[in-house]
2 protein chains.
Amino acid sequence: MKCKVCREHAVVDVRRHNAGFCRDHFVKHIHDQVARTIKDFKMFSPDDRILVAVSGGKDSLAVWDVLLDLGYDATGFYLGLGIGGYSDRSKDAAVAYAEAKDAKLIVRTLAEEHGYTVPELAKLTGRVPCSGCGLNKRYEFNRAALEEGFDILVTGHNLDDEVATLFGNVLHWNTDMLARQAPVLEERVIGRDTVFVKKVKPLVRIAERESAAYALLKGIDYIVEECPMVEGNTQHRYKEAITLLEEASPGTKQQMYFGFLKKAAPKFAGEADDAEVVACSECGAPTIAHEGREPRCSFCKTKALALKRKDERR
Amino acid sequence: MKCKVCREHAVVDVRRHNAGFCRDHFVKHIHDQVARTIKDFKMFSPDDRILVAVSGGKDSLAVWDVLLDLGYDATGFYLGLGIGGYSDRSKDAAVAYAEAKDAKLIVRTLAEEHGYTVPELAKLTGRVPCSGCGLNKRYEFNRAALEEGFDILVTGHNLDDEVATLFGNVLHWNTDMLARQAPVLEERVIGRDTVFVKKVKPLVRIAERESAAYALLKGIDYIVEECPMVEGNTQHRYKEAITLLEEASPGTKQQMYFGFLKKAAPKFAGEADDAEVVACSECGAPTIAHEGREPRCSFCKTKALALKRKDERR
């Protein structure tokens, strides 16, 4: 196979585009695809201060790398989850990348910020690790972005991630989640304060194996191992099922996701949770108002439960 | 495992209902599920004359059997497709069942009605066999029902069939197909004539393996072999992908299908093809009007093409 641009030997084959690329033109292809996504979905401009949630995996390092290459003002944010050696190695990957690129990286840990790790939280609350982990990441990413004065929060969700989420939402017809599934979630303001920073996913046009190929070809030393706690995760099963179809018919994932955005998402727009958002009485973060009850966000409730149980077990 | 009704030894395990059944209570369970479906979706009443499209496979013989057991006036209709020994054996199964039950069966063949078989049609038109087969079956089922004075056309589509179709429609976001995907398609009238008979699917609550178990336990001698022409059929791949998920989480299929009907189908209702329907200038069957063109239905166009080419090759 030859590069579709320069006819040199191709190193990557993108089946759904029916195209091969040499190293340099594949890197350019990814840059172009991401630039197009940023433009099409009006994600951000060169004046914005951008915070990139960095896990040390291929997707988050790839999106950070593309944004820096494209000249954006992008700072990394690494949140230590305390998942043993996996977290140590993922932090090392994030730090090493930042040093090599001379890029700014903010590091926080759940243990220092809140007094627990993800495995501890799961044990203390009796919930699956992925649930507490997701809640804490969403909360901490948003809090860090607001505290440090960023306009935009970028995550590395790729096409495969979004399709798996869409598939799960369609299997259960979670109409409120379908209403919110978009490459951009606009900022949310209460009174004069931004309470949710604008969140964007510039890799929605990039498949998982393409972001892996990008990281590899750019010499980015990302952490390959998967989180040891996701075994049996339903999201993984959805990816498996759809990958079966993608292999038989390349382009299925892209068609499902962008077809949804164009033809079906508008039909679910009215389902978005329009509940009144108020400030949590403990942390000030936005939460849903319930009449006659002190507003308290899920994060504060979960944290309080975990710390109470931790205290009881001492 | 014990029967959930009588505590005798269970012979069928319905995982998504978390229930086992002995032979007699499983048969009753299927009767009850179908009766409930007929009632919930207002499919038909004991006064209606019902035509059941019978292929000789488990689903069509099972639905016919249940309707006869429930006391409905149900006549079978077998259409010979001319797919070699497969068609011979499937006809034998339909005829044997009708004789054993002393039920009325109408038999027609594509060869006698139109002068071609499904394999010939595929070769002559250069299209995949499933496409011409589906077009001819839809046309012939509807024509037979109208000519023979039936009120209702029943097909044996089961839960797995409907989920696979839904999945395909969601992968491609075929919004007009989503608008029409329902257990009931109402009759359509032009002027004073019914042109599309009412079509219903009483097995939408019954999974594929349940209809197979029903046929087996009732001693119905159905044709087990699959049509030899469906190799590589995308519908099969969709079933495979979803079966992966059903195995990990029983109830997934039912949730996806009935969740769709309840929560999403109404959002697509406006997408149904509201194009003007007129009579085909050749056969009188309903077809979409196109301004400035003589109305001619897909069936007549395809048939004309096939017969013209057949003539040329003589």
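Residue numbers begin at 1 in each chain, while the letters A, B, ... track the order of the sequences.
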Sidechain-backbone polar pair: B:Lys267 side chain, A:Pro266 backbone, donor-acceptor under 3.5 Å: no

Side chain proximity check, B:Arg237 to A:Leu245, heavy atoms < 4.5 angstrom: yes

Heavy atoms from other residues, nucleotides or ligands near NZ of B:Lys301 exceed 12 (cutoff 6.0 Å): yes

For chain A, the option from B:Gln255, B:Glu240, B:Lys262, B:Lys253 that forms the most heavy-atom pairs under 4.5 Å: B:Gln255

Enclosure of B:Lys4 NZ (heavy-atom neighbours >12, cutoff 6.0 Å): no

B:Phe258 side chain near A:Trp173 side chain, heavy-atom distance below 4.5 Å: no

Side chains of A:Phe167 and B:Leu171 in contact at under 4.5 Å (non-hydrogen atoms): no

Considering all heavy atoms, the nearest B:Met256-A:Val170 contact: CE-CG1, 3.7 Å

